[in-house]
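Notes to accompany the following structure.
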There are 2 protein chains.
Amino acid sequence: MQVSLQALKAFESAARRGSFKLAAEELSLTPTAISHHISNLESRLNVTLFHRKGRRVSLTGTGVKLAKATSDGFRKIESALDEVMKAGCAVRVTTTSSLAALVLIPSQHEFEQVNPDLSMEISTGESIDNQSYIIPVRVGDVSVVEGSDIIKYESFNVFGAYGMTSPSWSNEPITLFTTKWKNTLLPDPPLATWLEKNGLDGANIKLKKFDQELFGIQKAMAENGLVFCSTTLTKRLLKTNLIQHFNTRPVKSDLCYYVPNKDNFGTRSSAKFLDWIEDILN
Amino acid sequence: MQVSLQALKAFESAARRGSFKLAAEELSLTPTAISHHISNLESRLNVTLFHRKGRRVSLTGTGVKLAKATSDGFRKIESALDEVMKAGCAVRVTTTSSLAALVLIPSQHEFEQVNPDLSMEISTGESIDNQSYIIPVRVGDVSVVEGSDIIKYESFNVFGAYGMTSPSWSNEPITLFTTKWKNTLLPDPPLATWLEKNGLDGANIKLKKFDQELFGIQKAMAENGLVFCSTTLTKRLLKTNLIQHFNTRPVKSDLCYYVPNKDNFGTRSSAKFLDWIEDILN
DNA sequence: AGTGTAGATGATTTAAACTCATCTACAAGT
DNA sequence: ACTTGTAGATGAGTTTAAATCATCTACACT
């Protein structure tokens, strides 16, 4: 380039502040540096950018035009830079209520302890806040989702509140909470497969469906009921003895947790988060 | 600032060209310099901007966003810079047909000889091409125009084609070409004052008016007629013996040539032009 | 396997950027 | 009118950032 960018930055600042001294303060330089930059700029461009009347400076017509463009240009660059820097020291995640409430939020503190220079924000809901560097953790169909985006293949099992007695699967009528996704494109929970694998016919099982797994799990815990749900969501509850299972065998499903374009987040924070979440889920 | 602008420029170029090598060529640097800049940028921002797959690089999501903003920002700055630089090595003038045809265009070559690094463009007409660095040389009323903008106070006299015999002012009927400005706010040519100063009553003078002085002057030259017009416009024609005057005395007028905001053009080229034009007019 | 290309890495050199010391011009106070 | 203080200009000297060089790795294409 013909002229140095730092000279332009010095000019931009001086033009905006109307003083070399103030520009120098803004850029943590000496007024001398600003003066050098600007006279260098002027001689390279063959123009006068500032009128000098003794110790007072004011922009020429040319100076005004250049100042307008440089201010706009640098402002644009700086705001993008700000955004990127913010993205570098915070991780923002959006996911389902269930994963948020049962996995992410309980582990949030631990994540921030391990990564003291990162803060973690969790949000749930539909709002596809596409504008910024938010990492979406979604539930999807393994046959549709890009394999490299998947962070957890989902298995299902039946769980109940901790301490309750094992149900007698074949004799008495049983109420089982399960999930009917709002999104009809998602595969249903693999209840039929589970019954088969565990040698049950399910004739005495009455289903009660919620549109979020979290609700069924909470209901089961509150009412000493049974819930057919994801092993991912229950992992922590099992470990803390809030729920139990009954020696039934889990089944794989066509569902998975995934992050769209997982490998395409360029921030250190997102890389840390993705490593961490894969680690705690597996 | 947190990050260096040159690093950003290197990134911008590499992002746009999709290759460190091409960016290096564009910026007249070595690929090594680009690599250093970008890794420096990445570590300062705590993000990854490029995926490296062996010897191929591609932008990350973060990289794409930053590249968009930096490209826009730098483009804006560079285009303004281009404009300023062009303005530094060329001077564009717009003025009346008369001044252009009788003064500026005949002297254009001389100006470019004296200033071999400057080119001069002359345009006439109403088109107020306000966009760029055009210097307007206008005719105005001395009582309205800012004094410091004035480059020539206008005097008037009667001229005729070179070699014609002096008219006998009082005996025979005389046709005199003169000017009626299109712009009615401008003072009329000071014919009454001129008659008085030269001891004439004008009873035998028939006026024929054009809306540009140039036309009257050309008509007078073509038909051995007489024209009452500006001494500025006729100066060169007198010197080259294309017209003459008849020992009548010129009169000052309320008209002047001026350049709006004369002292506010910051370009070297405009300063050179303004010096030169004041010089040849006085 | 062999060759050529793109980029990474670390040490060294170079040049740009910054500061310091000194000077001028103006403005404000006495 | 004579200080005093402030903003900027100027030129020489210093510092540090930026660029290069030499070397190395990984991949792609014969």
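Here is the naming used below: chain letters follow the sequence lines, and residue numbers restart at 1 for every chain.
- Side chain to side chain, A:S253 and A:E154 fail the donor-acceptor criterion of an N or O pair below 3.5 Å.
- Inspection of the B:T96 and B:R138 side chains reveals no N or O donor paired with an N or O acceptor under 3.5 Å.
- Here A:R56 lies out of heavy-atom contact (under 4.0 Å) with every strand.
- At D:dA17, none of the side-chain N or O atoms of A:Q6 fall inside 4.0 Å of OP1 or OP2 (strictly under the cut-off).
- Residue A:L5 contributes atom CG, which lies 11 Å from atom P of D:dA18 at whole-angstrom precision.
- Rounded to an integer number of Å, the gap from B:R17 CZ to C:dG7 P is 12 Å.
- Protein atom NZ of B:K9 is 16 Å distant from nucleotide atom C1' of D:dA18, rounded to whole Å.
- Across the protein-nucleic acid pair, A:L29 atom CG and D:dT16 atom P stand 14 Å apart, rounded to whole Å.
- Across the protein-nucleic acid pair, A:R52 atom CZ and D:dT10 atom P stand 8 Å apart, rounded to whole Å.
- Of the N and O atoms on the side chains of B:R52 and B:S58, not one donor lies less than 3.5 Å from an acceptor on the other residue.
- When the C1' atom of C:dG7 is taken as reference, atom CG of B:L22 falls 13 Å away, rounded to whole Å.
- If you check the side chains of A:T48 and A:E42, you find no donor sitting under 3.5 Å from an acceptor.
- Side-chain contact, B:H51 with A:D263: no donor N or O sits under 3.5 Å from an acceptor N or O.
- A:K21 has its NZ atom 22 Å from the P atom of C:dA25, to the nearest Å.
- Here D:dA7 presents its P atom at 15 Å from CZ of A:F50, a figure rounded to the nearest Å.
- Using a 4.0 Å cut-off on heavy atoms, the residues of residues 31-41 of chain B that approach DNA chain D are B:T32, B:A33, B:H36, B:H37, listed by number.
- Annotation for A:K235: atom NZ counts as buried by contact number, over 12 foreign heavy atoms lying within 6.0 Å.
- Of the candidate nucleotides D:dA19, D:dT20, C:dA25, D:dT20 has the atom lying nearest to any side-chain atom of B:T30.
- No side-chain donor-acceptor contact under 3.5 Å links A:T32 and A:S35.
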